[in-house]
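Structure first, commentary second.
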8 protein chains.
Amino acid sequence: MVPVLILMGSQSDWPVMQKAAEMLESLGIEWQAKVVSAHRTPDLLKLTMEQAEQDGVPVVIAGAGGAAHLPGMLAAFTAIPVFGVPVPSKQLKGFDSLLSIVQMPKGVAVGTLAIGDAGAGNAGLLAAQVIGSFDSDVRNRVHEFRKAQREKVMANSDLELPK
Amino acid sequence: MVPVLILMGSQSDWPVMQKAAEMLESLGIEWQAKVVSAHRTPDLLKLTMEQAEQDGVPVVIAGAGGAAHLPGMLAAFTAIPVFGVPVPSKQLKGFDSLLSIVQMPKGVAVGTLAIGDAGAGNAGLLAAQVIGSFDSDVRNRVHEFRKAQREKVMANSDLELPK
Amino acid sequence: MVPVLILMGSQSDWPVMQKAAEMLESLGIEWQAKVVSAHRTPDLLKLTMEQAEQDGVPVVIAGAGGAAHLPGMLAAFTAIPVFGVPVPSKQLKGFDSLLSIVQMPKGVAVGTLAIGDAGAGNAGLLAAQVIGSFDSDVRNRVHEFRKAQREKVMANSDLELPK
Amino acid sequence: MVPVLILMGSQSDWPVMQKAAEMLESLGIEWQAKVVSAHRTPDLLKLTMEQAEQDGVPVVIAGAGGAAHLPGMLAAFTAIPVFGVPVPSKQLKGFDSLLSIVQMPKGVAVGTLAIGDAGAGNAGLLAAQVIGSFDSDVRNRVHEFRKAQREKVMANSDLELPK
Amino acid sequence: MVPVLILMGSQSDWPVMQKAAEMLESLGIEWQAKVVSAHRTPDLLKLTMEQAEQDGVPVVIAGAGGAAHLPGMLAAFTAIPVFGVPVPSKQLKGFDSLLSIVQMPKGVAVGTLAIGDAGAGNAGLLAAQVIGSFDSDVRNRVHEFRKAQREKVMANSDLELPK
Amino acid sequence: MVPVLILMGSQSDWPVMQKAAEMLESLGIEWQAKVVSAHRTPDLLKLTMEQAEQDGVPVVIAGAGGAAHLPGMLAAFTAIPVFGVPVPSKQLKGFDSLLSIVQMPKGVAVGTLAIGDAGAGNAGLLAAQVIGSFDSDVRNRVHEFRKAQREKVMANSDLELPK
Amino acid sequence: MVPVLILMGSQSDWPVMQKAAEMLESLGIEWQAKVVSAHRTPDLLKLTMEQAEQDGVPVVIAGAGGAAHLPGMLAAFTAIPVFGVPVPSKQLKGFDSLLSIVQMPKGVAVGTLAIGDAGAGNAGLLAAQVIGSFDSDVRNRVHEFRKAQREKVMANSDLELPK
Amino acid sequence: MVPVLILMGSQSDWPVMQKAAEMLESLGIEWQAKVVSAHRTPDLLKLTMEQAEQDGVPVVIAGAGGAAHLPGMLAAFTAIPVFGVPVPSKQLKGFDSLLSIVQMPKGVAVGTLAIGDAGAGNAGLLAAQVIGSFDSDVRNRVHEFRKAQREKVMANSDLELPK
């Protein structure tokens, strides 16, 4: 299967974005991660997306912080579904990243996840769910992930005050 | 093809959510819309999602306002990808809906779109893009939609002050 | 007396939520604490609430962070009053948790407390006040708690600049 | 049964707060509504709450807007559970009211509902739920309200685009 | 001269509020600081303000955090001008304190200063300015403070990059 | 008595700021209102404040919207206490005005009132309270205003549902 | 002189952005306005900026709303200074537009103006100021504009209550 | 060439503002940095700007935090373009600084950059871009800076999970 593409605006986003890679890996889905900056390498946006369509990439995950234009600009150059991860910014904690990614105008869509680590992990999960809609093996692996998650909660559900 | 499922928390969300239906329709994708309230009909969440998985529904779109729990709770009951639309709330204008939908914890994902009409339309578009990753006819129709959109902008790009 | 039920979305919420347990304990009210995740164990929501109604639990306290759906979903499955505690989230500091819990639509209510430790302690206090409306012993203990609190403030009310 | 007390900071809050009265009425619970301003009639706060405790009022509902001190100050003078309703303010839409009511310090609790009409109605519902924890007739009426609400959603759940 | 009264909701507010005391001291104005909690010692509000009016206190400074009701409730019980200082809260950083203090309804006023240390110092300065409007000695000391402040800026105004 | 000076950044602020004039008038205090723009007439700031100090103006009230620099800049040029009124802005509803006025750095203070009409009225009231600290006639008139306000609330405190 | 380029994401932004054109016109500076959508016509971004550099355009003004990527993406493709205008969005009133435009990462800059009409007008003014730094005629016209503005304020500075 | 003037409200702003100086230096543009406080040295605002116009300073960069009046007040006294940098404030993280700088009324403009270090660096870059519009040497250096930046991204674009 063609790998999911994980793109981000800066190498400094990788500690957050690798949660997407880890989730995909745990679900047996291949991935490839690259830095493509909307602002510093704008020429690469179109090239990267055209290549991805030719390769048959099923989903693109894109993370960026602050005035986070990367997910929306990638989406502008492709018909591949793009999922955006708001990377926490230094002062506004990713609140700016969230609004910059999610508030896209009609006609170009980005499916946006939560700010930070949880959102990056969930971008990987959502990519797997998309693939799972057309591949029952992957669908089953998502169900198994959910089941393991459920059982982990139930195995440790009772709480006591520390003595 | 099995229709995309459009769910919402209240009939009053339909004027927003029908933008998703209209977008799907314009892209030649079938859809079915229903009211399922996370809070008023919580028993239906699981049933609806189990039925959807059996039917082979490829994508679920869910809209809700305020403490908008519907998209996240649907996602908790299924491995089908769920796209959430924050419906504008009366006082906080959908800002509460946005945070309630997008800030999901790791392990259950909702791909969130913009607040209101633009977000609902884009939820339909993103659903089509997901299907298009596995169906070249749909992929082509998304490209045509984008092309028409581009040409419309370019045909009317010059502006003058009113005299 | 049947214990107050303290539920939370994750074990990591316990350092906050145990303030509720400590407050109940200091007021001589029994409690039981459990992890029930709205998103990871959605099937448990209804079961837990049906059992609680059968047992005669007078109040449910529920804490969660981020897209905090637990309090509202528990409230959807029961007629027992539910008090919600917004647990601080990593980036938005519980601001998202607060809006996700408090902005419930008409027809399903959650009485929401402050973000974090103060809110968790007050959820325990409010539970005791509810019981106190129908049990004069508990009512008296709340009055004693208040009196002790008042006297503690008054005993140390004068302030000086450090020399 | 002793009526639930509905207090508000200004007569102009009544169009919002009467939703609480209507909900209580629909659930067969008596109520009494009064204007008591935290800022303009501060002497009445203590008197009103002392009288309410003597009368055996089981729940107090308090609504206020802006720097909404009424619910918290009533709570400071009583052990009766107080539920607060943030009334929409002119410029900040009740966002200020919400924070002023919900962010109580440890030791004095206000169970806070949503901003505006939905919150006021839910304050009435939550008051009924509190009484229902100790009165099975009221509990049953809450269940019936929920059931009617559920059936109303289910009877009209299918949606179509306007032709 | 009768001292300026500095009141605060909790001893933990003193590290912030002592900036007001230090400013008053540096301007040669006497002050007295006390803990009076709006929520934990509500009976003291009226007594403290009545005593302050009898004593001829010219200005009251009040600091509180979270649902910061102290400044507004003191203002409700007196005609002495009250200046409010939003003390930083743990999660929302005093943003809640600010709105709770400043958004007073028409008829009861609180002159609000900035969040935290700067606001506390300025509350002391503003108190001195009020006294200075009726006491030319104090007015002159405020002018001298301003002059010293101005000269301190001007003496060190050139900046260089560290080598 | 020397009149209170009411300054504002634009004639369009007058509908809000005249609430300050009306309040002063109702309390028998003279006032004078002028447009002085921090940004369009910056040279007038110092002149106006120097004249005001010479005239013995006891309090300055200043209203402005958006990046509301007027109150803070007037305060920078005078030792007269300045009270700031955040005038509602078109898009952000005065939230920007509030932060621009209240968040003054240590050393130059502005006592800030609520956004809009209520804040303007209260600026007039607070000015009267300042004068009242040194003039028992004015102090008495503030007490009478409060009493009338209290009686008005109490005369109409009972509420009923519309039939 | 080569005209200033005014670009915007949609024809619906023109009522706001024409304030920039009007300001430039009043200062005797030529302008040209075009719709170039970052999301719908991404290929035009680079072409438009390359042409502008060749033509010697001294300043680019760009307006957009919501996830407003246009100003930042234009800046990524050019060394011409770009001034951004946050166009008010339907639900969040341009607050999202502001953060999406102003929070650019280091290395690609957008000089951002206020939300809406005032910001658009000021973008025109700032463009003129930039040209004025290298063209004393334009500099003089800016000074005259300021002088006229100042005199207009001073001619109508006295205010009275309506009788 | 006449140096770019970098002004800031306090010496404590220098660690942020020196990023502007470093950027200018790296682009071969001279600069001069000074502390000028809008609130503590208001008389210097006009003098500093008059001197700057006489000297032929092409751009002024101004940074300030909290109620950040410096950029706007400098702009009020000059026709030189002013770029504002919101310095992070202690509690609100520069969110207040941003609104105080960017929301200028029509007629006096400040081109605002991002909060903190990124914004300061970009203020230097934007100043260079302004000069570059009239000086092809500087324009070329901006293009080289961009190229180096682009190549740095591309040289390290592949990412792997840590083993």
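Quick note on labels: first sequence line is chain A, next is B, and so on, each numbered from 1.
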Chain F heavy atoms under 4.5 Å from [X]: which part of the residue, side chain, backbone, both or neither?
{"X": "L99(E)", "result": "side chain"}
{"X": "V130(E)", "result": "both"}
{"X": "I115(E)", "result": "both"}
{"X": "Q149(E)", "result": "side chain"}

Taking side chain as everything from C-beta outward and backbone as N, CA, C, O, which of these in L125(F) sits under 4.5 Å from a heavy atom of chain E? Side chain, backbone, both or neither.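 Looking at L125(F), just its side chain touches chain E.
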Between V142(F) and chain E, which part of the residue has a heavy atom less than 4.5 Å away: side chain, backbone, both or neither? side chain
Using a cut-off of under 4.5 Å on heavy-atom pairs, state which of [options] scores highest against chain E.
{"options": "M23(F), H143(F), M104(F), R150(F)", "answer": "H143(F)"}
{"options": "V57(F), V110(F), V59(F)", "answer": "V110(F)"}
{"options": "G121(F), A118(F), G107(F), G84(F)", "answer": "G107(F)"}

Distance in Å, T112(F) OG1 paired with Q103(E) CD, rounded so as to fall on 0.5 Å steps: 11.0 Å
To the nearest 0.5 angstrom, please state how far the NZ atom of K19(E) sits from the NZ atom of K106(F). 6.5 Å
Aromatic ring pairing F95(E)/F95(F), orientation class (parallel under 30°, perpendicular over 60°, tilted between):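 Correct class here is perpendicular.
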If we define contacts as heavy-atom pairs under 4.5 Å, which of G132(E), G111(E), G56(E), A79(E) has the most with chain F?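 Most pairs with chain F among the choices: A79(E).
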Top of A120(E), P81(E), G116(E) for chain F proximity - count of heavy-atom pairs under 4.5 angstrom: P81(E)
Give the minimum heavy-atom separation between [X] and [Y], together with the two atoms involved.
{"X": "P58(E)", "Y": "F134(F)", "answer": "CB-CZ, 4.0 Å"}
{"X": "Q129(F)", "Y": "I80(E)", "answer": "NE2-O, 3.3 Å"}
{"X": "A109(F)", "Y": "L113(E)", "answer": "CB-CD1, 4.0 Å"}

Side-chain heavy-atom pair V108(E), R146(F) within 4.5 angstrom cut-off: yes
Can you check whether anything in residues 60-77 of chain F gets within less than 4.5 Å of chain E, heavy-atom wise, and list it by number? A75(F), A76(F)
